[in-house]
Amino acid sequence: RKAGGDITWDPTYREDPIAASSGGGGVDIFDMWDAHTKNCRYCLTVYRRLELVRKSFLFLSYGLLVSAILVAKQSQQQHFLKTRLAASVLLLAMGKLLGKFNGLFRRYETSHT
């Protein structure tokens, strides 16, 4: 009782941040999208550009995969097939990793200084 009052043990006193962030309802204290990113001109521009790059990587990956399948059916050039498959896997991995990175704009606070 040193700070001027008792500790409030009311269950509605503070929302559980883990339950809120996992979809259990309540206030999500880790939600930076609504708190900052969607209202910040700089963060939103970067987020949209990174999303465009991510979607381009995925589109190119699927395009290379389809072209590798078509090349495999039409010719015996294994070198082009292996190169296109490797490039497709690399672009797919880069797109997935960029998606993980872009998720940080929704969950973590950033500093502009």
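As the structure is a prediction and not an experimental result, all values here were calculated from the model. We're numbering straight along the sequence, starting at 1.
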### L44 side chain near W33 side chain, heavy-atom distance below 4.5 Å
yes

### Query
In terms of hydrophobic clustering (I, L, V, M, F, W, Y; side-chain heavy atoms under 4.5 Å; direct or indirect links), are L90 and L64 co-clustered?
yes

### Message
Can you tell me how far apart CZ (R106) and CG (D34) are? Round to the nearest 0.5 Å.
### Response
8.5 Å

### Query
Does S61 offer a backbone N or O that forms a donor-acceptor pair with the side chain of S88 under 3.5 Å?
yes

### Query
Are the side chain of S56 and the backbone of L52 linked by a donor-acceptor contact shorter than 3.5 Å?
yes

### Message
Once rounded to the nearest 0.5 Å, what's the spacing between atom CG of L92 and atom CZ of F57?
### Response
11.5 Å

### Query
Taking side chain as C-beta onward, heavy atoms only, is Y47 less than 4.5 Å from K38?
no

### Task
Work out which heavy atom in L58 is nearest to a heavy atom in G95; give both atom names and the distance.
CD2-CA, 4.1 Å

### Connected via hydrophobic side-chain network under 4.5 Å: V66 and F59
no

### Task
Go through E51 and R48 one step at a time and tell me if the salt bridge (Lys or Arg N to Asp or Glu O under 4.0 Å) criterion holds.
CA-CA 5 Å; E51 278 295 302; R48 286 180 177 161; over 6 Å; no

#### Entry: Check against side-chain contact (heavy atoms from CB on, under 4.5 Å), L91 and Y62
CA-CA 9 Å; L91 285 170; Y62 295 132; over 6 Å; no

### Query
L85 and L81: side-chain contact (heavy atoms from CB on, under 4.5 Å), yes or no, with the steps?
CA-CA 6 Å; L85 285 176; L81 175 66; 4.1 Å; yes

### Distance-minimising heavy-atom pair for R54 and L98
N-CD2, 3.6 Å

### Query
Can M94 be reached from V46 by stepping across I, L, V, M, F, W or Y side chains whose heavy atoms are under 4.5 Å apart?
yes

#### Entry: Cluster check F101, L60: I/L/V/M/F/W/Y, side chain < 4.5 angstrom
yes

### Summary
Closest heavy-atom pair, R84 versus A68, reported as atoms and distance to 0.1 Å, is CB-CB, 3.8 Å

